[in-house]
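See below for the structure under consideration.
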Amino acid sequence: EKERNYHVFFQLIAAKDELKELNIGGPQDYRYLKDAQYKAPGVDDKRCFEELQEAFGSLGFQENDQTDIFKIVAGILSLGNCDFADENDASRLVEGGHSARAAELLGLSAPDLEKSMLVRSLTVGKDVTETGRTATQAAAARDALARLLYGRLFKLLVVKINTLLSGGSPAGRFFGVLDIAGFESFESNSLEQLFINLSNEHLQNHFNNHVFKMELEDYKAEGISLDGCMDFQDNSDIITLIDSKGSILAMLDEELTVPRATDATYAAKVTKAHEKHPRFVKPKFAGTTFGIRHFAGEVTYTLEGFLEKNMDKPPDEAPKLFQASTNSVVKDIGDVIAADLAEAAAAGGGRGGGKKAAKTVSSNFRQSLASLVQKLGQAEPHFIRCVKPNAEKVPEKFTSKLVMDQL
């Protein structure tokens, strides 16, 4: 079933008449959007885009900076339309003007952008070896650049917004509203769903600790016995299974360091290590799936692409490519990536010859999640519990068992 994500793309399209210089098409014109739901129920994309502009203006983003940000969003869409065809042992770009359009929006040299997708550069010492990519590999490089641009733009905006909003605030004092993603279970669940469900497990555990465990300790301290009167489902063992030493995600990070590792080898190791855990669901047949009995229900995860998705190393060509951009925001992104790589290289060559573990998507996510949980533990929480009345997401339908399970 089609689902709409990355709403900013659709907001940009809705406002294309006001952004004529971006020469934006319709959602059906872009590979990254054409299979999505074009219209989200109850959402006015044009009005949302106007609110986005108002928010940028209120935060002090200059008009030229906003234009550069919107150019990146449009440039990602054009980049996604680049097609490739195999040619001998390498590949070539299928003409269509998409790479030139993407380069223009991103402020890059078109030949340099095309080369970054078609050719892989390997640097060993002072020697640089270039090898052509196949059409499949070039398409993967294209998508890696698109993901990198979108992800780094998001991080850059978060840093800038936090810097602007924190000015003049007393240190350590804040008022926060945490709007968490709901528990996810689809026909096919990948690494993204595992991350989202892990965050829900941590937040459910925080809720349990605050509401139930602390309440029970208060009763115990006052000598009040509640044997059999109050009980709750503790999900600490689920968190340990997913996020601890030797856990599912820790093993995923380790597998990236193993030569010739695959999603299948990772699945086999996880199953062998955790098959007796009461929350782990062993697959009936060997392959690339396993299940977890989460607090909110059982989910089966499909592991195809887990290792690739967990790699956080940007394409080798990205820093220099972005740093040469005439788009100020793309250039800033290139500078940040270069600084991160330099820091990682310095950490890897520290005294004692020990190498710092390479950052992965999983380790970054878990570090961020741990920081959030720590902040929540130091704050005074107030909870608003949202109960899903039915699985179909329709009005005026109340499924008793589903509601009871949530309560």
Side-chain angles (χ1 to χ4, degrees), residues 1-7 32 35-37 40 140 143 147 150-151 179-205 233 235-244 246-256 261-312 360-366 368-369 372 386-388 390-393 399 401-402 405-406:
E1 189 174 329
K2 292 182 178 180
E3 182 176 333
R4 223 200 56 182
N5 293 300
Y6 303 102
H7 304 294
Y32 292 154
D35 292 327
Q37 179 178 317
D143 293 339
R147 286 194 301 268
Y150 191 94
D179 182 9
I180 66 170
F183 178 79
E184 291 194 348
S185 179
F186 303 124
E187 286 186 16
S188 178
N189 301 286
S190 190
L191 187 60
E192 297 87 352
Q193 280 68 51
L194 183 56
F195 287 162
I196 289 171
N197 292 339
L198 172 62
S199 69
N200 277 279
E201 295 289 1
H202 272 288
L203 294 170
Q204 181 66 48
N205 186 259
Q233 183 182 344
N235 68 334
S236 300
D237 57 338
I238 307 175
I239 294 172
T240 302
L241 172 65
I242 304 171
D243 183 17
S244 66
S247 67
I248 288 172
L249 289 179
M251 292 180 71
L252 179 62
D253 289 348
E254 290 171 6
E255 197 69 3
L256 290 180
T262 65
D263 296 321
T265 61
Y266 166 64
K269 290 178 183 177
V270 167
T271 300
K272 183 178 180 181
H274 299 291
E275 61 182 338
K276 295 182 179 178
H277 194 289
R279 299 285 193 169
F280 187 85
V281 182
K282 182 181 177 181
K284 292 181 179 179
F285 305 101
T288 53
T289 64
F290 62 69
I292 297 176
R293 296 184 180 94
H294 284 282
F295 182 86
E298 184 176 315
V299 179
T300 299
Y301 293 96
T302 303
L303 275 62
E304 278 93 349
F306 260 46
L307 264 64
E308 182 182 352
K309 289 179 178 180
N310 195 37
M311 290 187 288
D312 196 36
T360 64
V361 173
S362 166
S363 62
N364 282 329
F365 178 83
R366 288 185 287 147
S368 177
L369 182 57
L372 171 63
C386 300
V387 178
K388 185 184 293 184
N390 60 75
E392 294 78 17
K393 301 179 183 178
T399 306
K401 186 179 185 307
L402 178 67
D405 286 344
Q406 294 173 77

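- The salt bridge (charged side-chain N to carboxylate O under 4.0 Å, His left out) pairs that include a residue from residues 275-288 are Asp237-Arg279, Glu275-Lys282, where partners are two or more places apart or lie in different chains.
- Phe183 contributes atom CZ, which lies 11.0 Å from atom CD of Gln204 (distance to the nearest 0.5 angstrom).
- With rounding to the nearest 0.5 angstrom, the OG atom of Ser199 is 9.0 Å from the CD atom of Glu184.
- Two residues are said to be in side-chain contact when any heavy atoms from C-beta on lie closer than 4.5 Å; His202 and Asp243 meet this criterion.
- The shortest distance between side-chain heavy atoms of Ile292 and Leu194 falls below 4.5 Å.
- From Asn310, atom CG reaches atom OG of Ser363 across 7.0 Å, with rounding to the nearest 0.5 Å.
- Judged by distance alone, with hydrogens and angles left aside, the side-chain atoms of Asp263 form a donor-acceptor pair with the main-chain N or O of Gly305 at under 3.5 Å.
- Contact between Leu256 and Leu307 at its shortest, heavy atoms only, is CD2-O, 3.4 Å.
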### Task
Tell me, with the steps shown, if Ser244 and Ile239 meet side-chain contact (heavy atoms from CB on, under 4.5 Å).
CA-CA 7 Å; Ser244 66; Ile239 294 172; over 6 Å; no
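- Atom CD of Glu255 sits about 3.5 Å away from atom NZ of Lys269, to the nearest 0.5 Å.
- Atom CG of Asn205 is separated from atom CG of Asn235 by 5.0 Å, given to the nearest 0.5 angstrom.
- Taking Glu192 as the reference, Lys309 meet the salt bridge (Lys or Arg N to Asp or Glu O under 4.0 Å) condition, with sequence neighbours excluded.
- Below 30°, between 30° and 60°, or above 60°: for Phe280 and Phe290 the angle between ring planes is between 30° and 60°, a tilted geometry.
- When atom types are taken as modelled, the side chain of Thr240 and the backbone of Ser236 share a donor-acceptor pair closer than 3.5 angstrom.
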#### Entry: side-chain contact (heavy atoms from CB on, under 4.5 Å) evaluation trace for Asn197 with Ile242
CA-CA 10 Å; Asn197 292 339; Ile242 304 171; over 6 Å; no
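- Between Glu298 and Ser185, the shortest heavy-atom distance links the atoms O-OG, 4.1 Å.
- A centroid separation of less than 6.0 Å is found between the aromatic rings of Tyr150 and Tyr6.
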### Task
Give the intermediate values and the outcome of side-chain hydrogen bond (donor to acceptor under 3.5 Å, both in side chains) for residues Thr360 and Asp253.
CA-CA 7 Å; Thr360 64; Asp253 289 348; 2.8 Å; yes
### Message
Please determine whether side-chain contact (heavy atoms from CB on, under 4.5 Å) holds for the pair Leu369 and Phe195, giving the CA-CA distance in whole Å, both sets of side-chain angles, and the decisive distance to 0.1 Å.
### Response
CA-CA 10 Å; Leu369 182 57; Phe195 287 162; over 6 Å; no
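- Considering all non-hydrogen atoms of both residues, Ser247 and Leu241 come closest at CB-O, 3.2 Å.
- Although no hydrogens or angles enter the test, the distance criterion places no donor-acceptor pair under 3.5 Å between the side chain of Ser368 and the main chain of Phe365.
- Here the shortest heavy-atom pairing between Thr289 and Pro283 reads O-CG, 3.3 Å.
- Between the Arg293 side chain and the Val281 main chain, no donor and acceptor come within less than 3.5 Å of each other.
- A 6.0 Å sphere centred on CD of Glu392 holds more than 12 heavy atoms belonging to other residues, nucleotides or ligands.
- Contact detail for His294 and Ile238: the closest heavy-atom pair is C-CD1, 3.8 Å.
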### Task
Would you sort out whether Ile196 and Asn200 count as a side-chain contact (heavy atoms from CB on, under 4.5 Å), showing the intermediate values?
CA-CA 6 Å; Ile196 289 171; Asn200 277 279; 3.7 Å; yes
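- Annotation: the span from Glu254 atom CD to Ser362 atom OG amounts to 10.5 Å, rounded to 0.5 Å.
- The two residues Leu303 and Ala267 come nearest to each other via the heavy atoms CD2-CB, 3.6 Å.
- Between Leu198 and Arg366, some side-chain heavy-atom pair lies under the 4.5 Å cut-off.
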